[in-house]
Chemist: 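The structure that follows is given in the form of structure tokens.
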There are 2 protein chains.
Amino acid sequence: MNTEKTLPNGIIIDTPRTLGEVVRNKRKEDNLTQVELAELTGVGLRFLSELENGKPTIQLNKVLLVLSGLGLKIEIGQ
Amino acid sequence: MNTEKTLPNGIIIDTPRTLGEVVRNKRKEDNLTQVELAELTGVGLRFLSELENGKPTIQLNKVLLVLSGLGLKIEIGQ
DNA sequence: ATAGTATCTTCCCGAAAGGGAATATTATGA
DNA sequence: TCATAATATTCCCTTTCGGGAAGATACTAT
């Protein structure tokens with residue numbers, strides 16, 4: 001996992017795998033199962049499993065749903 | 001509470017449409033056509049057009065390719 | 001305004017990949 | 001070990017992607 005932080009609480013997402021690790025870590029911090037998070041965010045269990053395992057070809061809107069449900073913000077900059 | 005809309009040098013991505021706007025603006029700043037950016041990043045012209053227009057169901061890895069090609073970083077935080 | 005040009009969007013096709021629901025596997029605890 | 005919870009994977013149908021080309025807009029100069 002990429003633990004480099006450029007800003008407080010900000011993690012650079014360079015690959016789908018990094019994204020998956022961020023999601024899994026936050027979900028566990030929040031003491032949620034995949035089933036609970038899936039229901040909370042309106043995505044399927046399979047999707048969530050694949051997201052956390054770094055599948056590259058998942059759809060953007062569902063990623064945004066999950067991040068939003070976890071209270072995470074996504075930011076783009078130089 | 002945090003009333004900041006963005007973190008330093010960053011734009012919060014809340015929807016696919018916002019992402020599309022960021023990509024289009026950066027591409028134009030760099031004086032690239034869609035054809036040029038598509039070739040540069042290895043995605044199709046149609047994909048790039050759909051990305052810039054906010055299509056929700058595009059694939060994550062291709063988004064990352066385009067952002068990387070534009071020299072943009074993606075970051076996740078609270 | 002009009003012509004001409006550059007750029008962007010949309011259509012078709014086949015191949016590849018996505019998603020939900022169901023099933024299988026793995027991890028955890030008594 | 002065995003039962004249960006949690007996670008990963010399979011089945012089947014739908015959707016996306018790239019490529020090429022046509023259609024639609026935008027831009028520029030006269």
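Naming: A, B, ... by sequence-line order, numbering from 1 per chain.
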Chemist: Rounded to whole angstrom units, what separation is found between the NZ atom of A:K28 and the P atom of D:dA6?
Modeler: 11 Å
Chemist: Which of the following nucleotides, D:dG18, D:dA8, C:dG19, is nearest to the side chain of A:K62?
Modeler: C:dG19
Chemist: So which protein N/O to nucleotides 22-29 of chain C N/O distances come out below 3.5 Å?
Modeler:
none

Chemist: Strictly below 4.0 Å: does B:T57 bring a side-chain N or O up to OP1 or OP2 of D:dT16?
Modeler: yes
Chemist: With heavy-atom distances below 4.5 Å as the criterion, would you say the side chains of B:K55 and B:T57 are in contact?
Modeler: yes
Chemist: In this structure, how many angstroms lie between the C1' atom of D:dT10 and the CZ atom of A:F47, rounded?
Modeler: 19 Å
Chemist: At under 4.0 Å between heavy atoms, what does B:Q34 touch on the DNA or RNA strands: base, sugar-phosphate, or nothing?
Modeler: base
Chemist: Within this structure, what is the CD-to-C1' distance between B:E50 and D:dT15, rounded to whole angstrom?
Modeler: 11 Å
Chemist: Between A:R27 and A:E52, does any side-chain N to carboxylate O distance fall below 4.0 Å?
Modeler: yes
Chemist: Within this structure, what is the CD-to-P distance between B:Q59 and D:dT15, rounded to whole angstrom?
Modeler: 14 Å
Chemist: Check whether any side-chain heavy atom of A:I13 sits under 4.5 Å from a side-chain heavy atom of A:V22, and report yes or no.
Modeler: yes
Chemist: Linking I/L/V/M/F/W/Y whenever any side-chain heavy atoms sit under 4.5 Å apart, do B:L40 and B:L45 land together?
Modeler: no
Chemist: Please report the distance, rounded to the nearest Å, between CG in A:N31 and P in D:dA6.
Modeler: 11 Å
Chemist: Please confirm whether the backbone N or O of B:T33 pairs with a side-chain atom of B:E36, one donor and one acceptor, at under 3.5 Å?
Modeler: yes
Chemist: For B:E52, answer base if it contacts any base atom (sugar-phosphate contacts may also be present), sugar-phosphate if it contacts only those atoms, and nothing otherwise; contact means non-hydrogen atoms under 4.0 Å.
Modeler: nothing
Chemist: Can you check the B:R24 CZ to C:dT7 C1' distance for me, whole Å?
Modeler: 10 Å
Chemist: Do the side chain of A:K26 and the main chain of A:L70 share a donor and acceptor less than 3.5 angstrom apart?
Modeler: yes
Chemist: Less than 4.5 Å apart, any side-chain heavy atom of A:V63 and any of A:F47?
Modeler: yes
Chemist: Give the rounded distance in Å between these two atoms: CD of A:E36 and P of D:dT7.
Modeler: 9 Å
Chemist: Find the distance A:R27:CZ to D:dA8:C1' and express it as a whole number of Å.
Modeler: 12 Å
